[in-house]
Amino acid sequence: GPKKDVEDLQVTSATPASDGMSAVLAIDGLKPNRLVYFLLDPKSLDGEELWSAEAWYTLKRLPAGASEHAAEQKHVVFVTGDDEYGSELSMPMIASLLEQKPGFRVTVLKAVDEQGRWSRSGQSIPGLRALRQADAAVFFMRFRALPDQQVKEIEDYLASGRPVLGLRTSTHAFNYQNGPNRHLNDGFGKDIFGQKWISHYGHGSTSQALLKTDARTHVILRGLPSEFDLHSWLYVMKHNESRIPADCHVLMSGRAMRARDGEKQVFGDIQPLARTRERTVLGAKPQRVVYTRLRPPRVFLSLSCRRVMLNSTLWAAC
């Protein structure tokens, strides 16, 4: 159809990302349910032009940060980057549910390849500067080797004492073969969530969540049944001499299940499944940490699992 209500917009500022692959544009006069047409003329540091400088974007709604109440809202940043569990699919869903609650706005970051295209195995996560204004951060990463500047954004956030949530593979979020960031391979999981990666009970198994009796009144477990099934295999979190720190408070445990002769059988050891921690950070109040072994995205078909994530974010951020 013909163009209607055409208006000129002005870019008032352009802030390049630390990785040099993107920029944040400030634009006055944006309106929801409009098509925004961009015609830009950016150049690289050495004078190269883009192959195409035109772009179109359908703006369904204005970001929450554009409202006059943005200062009163909690900003939650989701950092995704794994090649096994589909965090780039499940975390936007959780973020969308959270954004529907009054007082929250969200940012979801995803891994990209060397050309800046989304990739499950990408070793760059543009936009981590969003952590600078975050009130809580949710990490779902696995075996990344991010550029130094991106690592600094994460480490600066962690050092601030603001809340941290980690899912499943975030105990082994990094995988550096050498260099100054190699300590993060085990250190990120141990220092923040209380444990490094150990093992699991096998892809052919499932598991069952069990609420701890002494934790049933905790806000994170609000609205949950005492037991519920999980469509995922159970991670091992305590084994031989490996134990979670004493300052971790286990809310849910899990037991591994497998089919045998047409019936489900319990096997292995009961393992911690979800826990909180109030971590000591120099110069800051105790940092609220939540860690869960929930395995998205299929597991979030369960209302109970969605509640765990939303309740955890509310507890951490508020």
Side-chain angles (χ1 to χ4, degrees), residues 1-81 88-89 91-113 115-119 122 124-138 149-150 153-154 156-157 160 162 310 313-314 317-318:
K3 296 177 182 178
K4 298 191 300 182
D5 302 326
V6 177
E7 298 178 50
D8 288 333
L9 302 175
Q10 295 296 321
V11 176
T12 58
S13 68
T15 306
S18 57
D19 62 2
M21 299 293 291
S22 60
V24 174
L25 305 181
I27 305 173
D28 290 337
L30 292 174
K31 297 177 182 178
N33 298 311
R34 302 290 288 269
L35 181 68
V36 183
Y37 166 60
F38 296 87
L39 180 58
L40 306 172
D41 186 26
K43 293 182 175 62
S44 68
L45 290 175
D46 51 6
E48 281 191 274
E49 296 182 352
L50 284 180
W51 178 73
S52 174
E54 293 183 280
W56 290 260
Y57 184 81
T58 302
L59 181 60
K60 292 292 188 182
R61 55 179 173 167
L62 289 174
S67 75
E68 60 183 4
H69 303 296
E72 303 171 8
Q73 294 176 316
K74 298 288 187 180
H75 182 201
V76 181
V77 175
F78 291 77
V79 183
T80 72
E88 77 286 349
L89 302 176
M91 291 301 96
M93 178 189 71
I94 297 299
S96 178
L97 294 174
L98 181 64
E99 196 174 29
Q100 294 173 32
K101 294 186 174 294
F104 282 90
R105 61 188 180 100
V106 301
T107 297
V108 181
L109 306 178
K110 300 180 181 181
V112 300
D113 61 18
Q115 285 72 46
R117 299 171 299 193
W118 169 78
S119 170
S124 174
I125 303 178
L128 283 166
R129 62 190 177 279
L131 291 172
R132 299 175 190 179
Q133 286 77 44
D135 295 291
V138 182
Q149 182 57 42
Q150 294 183 8
E153 295 285 2
I154 293 175
D156 286 350
Y157 178 85
S160 74
R162 285 170 287 167
L310 292 174
T313 309
L314 292 170
C318 300

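Salt bridge present: R132 and E153 bring a charged side-chain N and a carboxylate O closer than 4.0 Å.
With sequence neighbours excluded, the residues that form a side-chain contact (heavy atoms from CB on, under 4.5 Å) with L25 are V11, A14, I27, F38, L40. Qualifying salt bridge (charged side-chain N to carboxylate O under 4.0 Å, His left out) partners for D135, counting only residues two or more places apart in sequence or in other chains: none. For S160, the side-chain hydrogen bond (donor to acceptor under 3.5 Å, both in side chains) criterion is met by R162, not counting sequence neighbours. Residues passing the side-chain hydrogen bond (donor to acceptor under 3.5 Å, both in side chains) test with Y37 are E54, sequence neighbours excluded. Shown here are the side-chain hydrogen bond (donor to acceptor under 3.5 Å, both in side chains) partners of K101, two or more places apart in sequence or in another chain: there are none. By the side-chain contact (heavy atoms from CB on, under 4.5 Å) test, T107 pairs with H75, V77, L109, A130, sequence neighbours left out.
In this structure, the side chain of S124 does not engage the main chain of V112 through any donor-acceptor pair within 3.5 Å.
Between L98 and F78, some side-chain heavy-atom pair lies under the 4.5 Å cut-off. Y157 places none of its side-chain heavy atoms less than 4.5 Å from the side chain of L128. Side-chain contact check for D28 versus Q10: every heavy-atom pair is 4.5 Å or farther apart.
When all heavy atoms are compared, the tightest approach of G81 to A111 is CA-CB, 4.1 Å. The two atoms that bring F104 and Q73 nearest to each other are O-NE2, 4.2 Å, heavy atoms only.
In this structure, E7 places its CD atom where more than 12 heavy-atom neighbours from other residues, nucleotides or ligands lie under 6.0 Å away.
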Trace of the side chain to side chain contact (heavy atoms under 4.5 Å, CB included) decision for L35 with K3: CA-CA 10 Å; L35 181 68; K3 296 177 182 178; over 6 Å; no
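To the nearest 0.5 Å, the span separating CZ on R105 from NZ on K74 amounts to 11.5 Å.
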